[in-house]
Amino acid sequence: MAKVIIIGAGGVGTVVACKCAENHDVFSEVVLASRTKSKCDAIAARINKPWFTTDSVDADDVDQLVELFNRHKPQLVINVALPYQDLTIMEACLKTGVNYLDTANYEPKDVAHFEYSWQWAYRERFEKAGLTAILGCGFDPGVSGVFTAYAAKHYFSDMETLDIVDCNGGDHGKAFATNFNPEINIREITQNGRYYKEGNWITTGPLEIHRTLTYPNIGPRESYLLYHEELESLVLNFPSIKRARFWMTFGQEYLTHLRVIQNIGMARIDEVDFNGQKIVPLQFLKAVLPNPGDLGENYVGETSIGCRIAGKDKEGNPLTYYIYNNCSHQEAYRQTGTQAVSFTTGVPAMIGAMMFLTGKWVKPGVHNVEEFDPDPFMEQLPVQGLPWHEVINADLEM
């Protein structure tokens, strides 16, 4: 049993909090902290446990984080705040001797650039301090890496191609809304695409490459090639991979709204003058779009996220392997009051914390999830609400 601090009280933070509360045998004390304490208090009221408390902190401020950690003395910090804040939280962990876990890699505020170099630079410091930092423990990144490690351990002698496929087949009834933080979501989608092939990274235009893929229980959906951070670590940790890509589905109405947002300058991440004040258009847009945390009540349908892998099996024969999870928006709302995109990110974050606290994922330094034993994590996925399925030697459509 151990004490943890969760930083971030959005949709994902809500799921992590609810799931930690369901596993009190592992999480003896939980502190939920964010800049706005009232959000934490609302989640705590729903959970209603004496060992679940709240606090406030500005996660951009290392000194505030240090004070928070020293006061509560957690064994682990679960970071589900903004990706901009990863480095300040990691710094505070090093200053206070606290272990670290997050769901998304660091990115600077002034450029939409996704890579692990900033966090990997902390490896030696965490190792010398005897602290474990677990990076990218959501679904993608997160479960996608664990799925890949599981496939390598149990099925493949060589994985040659990897395609991570992410479909949201749900309907929230809004004209336009993003399923997680609008600022992060729109930055991710509007950047150039990138994929790995034969040792090189190939850049494409935003959403330039697309094809129709078929998703279980959902059917065919147009899927667009994006760059996603887990590709960077997976091709390093599994060097037999010759091609690695990431695909995500978008409806035409969503893409039309996105084009308009870009065309009128609302996707800009640089400052502009407005009535004598400096504002960032994308941050203003975030303020007027629907809150992703409020979409769950009327959300219908499900998500489907998985890995499609081809290569050679343990005996050297050709093998295709598809491992995936489908998650119902309605069931996610029933369990946590959130929609499936938050649920599929928050549950793995809690499981990753469980893996660390129970001694299964302890390795001083900074590590991506696929560097740990996938089996105990995979065992917990269905127990905690994310069952997974396998399809062997079928057409991968890739």
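It should be emphasised that the depicted structure is a prediction, and the values quoted were computed from it without experimental measurement.
If you take OH on Y224 and CG on D166, they are separated by 14.5 Å, rounding to the nearest 0.5 Å. For the atom pair CG (N99) and OG1 (T96), the distance works out to 9.5 Å, reported to the nearest 0.5 Å. Here M378 contributes atom CE and I351 contributes atom CD1; the two are 10.5 Å apart, rounded to the nearest 0.5 Å.
Taking the six-membered ring where tryptophan is involved, the planes of F139 and F147 are perpendicular, since the angle between them exceeds 60° and thus also 30°. Between W361 and F372, the ring planes lie parallel to each other; the angle is under 30°, not in the 30° to 60° tilted range. Taking the six-membered ring where tryptophan is involved, the planes of W118 and Y106 are perpendicular, since the angle between them exceeds 60° and thus also 30°.
Other residues, nucleotides and ligands place no more than 12 heavy atoms under 6.0 Å from the CZ atom of F284. Within a 6.0 Å radius of NZ in K363, more than 12 heavy atoms belonging to other residues, nucleotides or ligands are found. The 12-atom threshold is exceeded at NZ of K314, counting heavy atoms of other residues, nucleotides or ligands nearer than 6.0 Å.
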* To do: Might you work through the side-chain contact (heavy atoms from CB on, under 4.5 Å) test for K19 and F27, ending with a clear yes or no?
  => CA-CA 10 Å; K19 287 296 177 177; F27 302 92; over 6 Å; no
* Asked: Given T132 and F126, is the side-chain contact (heavy atoms from CB on, under 4.5 Å) satisfied, shown in steps?
  -> CA-CA 7 Å; T132 297; F126 269 81; over 6 Å; no
* **Derivation and outcome, side-chain contact (heavy atoms from CB on, under 4.5 Å), residues N192 and Y227** => CA-CA 7 Å; N192 284 333; Y227 176 67; over 6 Å; no
* For side-chain contact (heavy atoms from CB on, under 4.5 Å), just list the numbers for C93 and F69, CA-CA rounded to whole Å, side-chain angles, deciding distance to a tenth of an Å, and then say yes or no. => CA-CA 8 Å; C93 284; F69 298 169; 4.0 Å; yes
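E208 contributes no side-chain N or O that, together with a main-chain N or O of G193, makes up a donor-acceptor pair within less than 3.5 Å. For S157 (side chain) and K312 (main-chain N/O), a donor-acceptor pair under 3.5 Å exists by modelled atom type. The backbone N or O of G276 sits nowhere less than 3.5 Å from a side-chain atom of D273 that would complete a donor-acceptor pair. Under the 3.5 Å distance criterion, the side-chain polar atoms of Q339 are matched with a main-chain donor or acceptor of S342. Formation of a donor-acceptor pair under 3.5 Å by the H172 side chain with backbone atoms of Y299 is not found in this model. Listed for the S144 side chain is no donor-acceptor partner under 3.5 Å among the backbone atoms of P141. At least one donor-acceptor pair under 3.5 Å links the side chain of S328 to the backbone N or O of E331. In terms of modelled atom types and a separation under 3.5 Å, the side chain of N79 and the main chain of L101 share no donor-acceptor contact. Checked by atom type and distance alone, the side chain of S34 pairs as donor or acceptor with a backbone atom of T36 at under 3.5 Å. When atom types are taken as modelled, the side chain of D61 and the backbone of Q64 share a donor-acceptor pair closer than 3.5 angstrom.
Looking at heavy atoms from C-beta onward, V77 lies out of side-chain contact with L65 at the 4.5 angstrom threshold. Between V31 and P74 there is no side-chain heavy-atom pair separated by less than 4.5 Å. Side chains of V143 and F377 form a contact here, defined as non-hydrogen atoms less than 4.5 Å apart. V98 places none of its side-chain heavy atoms less than 4.5 Å from the side chain of L131. Annotation: side chain of N317 is not in contact with side chain of L319 (no heavy-atom distance under 4.5 Å). No side-chain heavy atom of Y196 sits under 4.5 Å from any side-chain heavy atom of L234. Contact of the F356 side chain with the V362 side chain is registered, since non-hydrogen atoms from C-beta on lie closer than 4.5 Å. Residues Q75 and K3 form no side-chain contact, since every pair of their non-hydrogen atoms from C-beta on lies 4.5 Å or further apart.
Salt-bridge formation is not detected for the pair D375/K360: no Lys NZ or Arg NE/NH1/NH2 atom is positioned less than 4.0 Å from an Asp or Glu carboxylate oxygen. A salt bridge between K153 and E370 is absent, with no side-chain N of the basic residue lying under 4.0 Å from a carboxylate O of the acidic one. Salt bridge present: E397 and R308 bring a charged side-chain N and a carboxylate O closer than 4.0 Å. Salt bridge annotation for E127-R123: absent, with no cationic side-chain nitrogen under 4.0 angstrom from a carboxylate oxygen.
I305 and V300 fall into different hydrophobic clusters, where Ile, Leu, Val, Met, Phe, Trp and Tyr are joined by side-chain heavy atoms under 4.5 Å apart, directly or via other members. Taking hydrophobic clusters as Ile, Leu, Val, Met, Phe, Trp and Tyr residues chained together by side-chain heavy-atom distances below 4.5 Å, L285 shares a cluster with I264. Both L162 and W388 belong to a single network of hydrophobic side chains, linked directly or stepwise wherever heavy atoms of I, L, V, M, F, W or Y lie under 4.5 Å apart. Hydrophobic clustering (ILVMFWY, side-chain heavy atoms < 4.5 Å, transitive): L386 and Y333 are in distinct clusters. There is no path of hydrophobic side-chain contacts, each under 4.5 Å, that joins M159 to L396.
The minimum heavy-atom distance linking N105 with D86 is given by the pair C-OD2, 3.2 Å. Among all heavy-atom pairs drawn from I47 and A21, the shortest one is CG2-CB, 3.6 Å. Closest of all the heavy-atom pairs between A44 and T54 is CB-CG2, 3.6 Å. The nearest pair of heavy atoms linking Y116 to E232 is N-OE1, 2.8 Å. Smallest separation of non-hydrogen atoms from R243 and M398: NH2-O, 3.7 Å.
In this model, a donor atom of one side chain and an acceptor atom of the other lie less than 3.5 Å apart for H72 and D55. Looking at N168 and T303, their side chains never bring a donor and an acceptor atom within 3.5 Å of each other. When only modelled atom types and interatomic distance are considered, N326 and Y324 share no side-chain donor-acceptor pair under 3.5 Å. If you check the side chains of Y215 and S223, you find a donor sitting under 3.5 Å from an acceptor.
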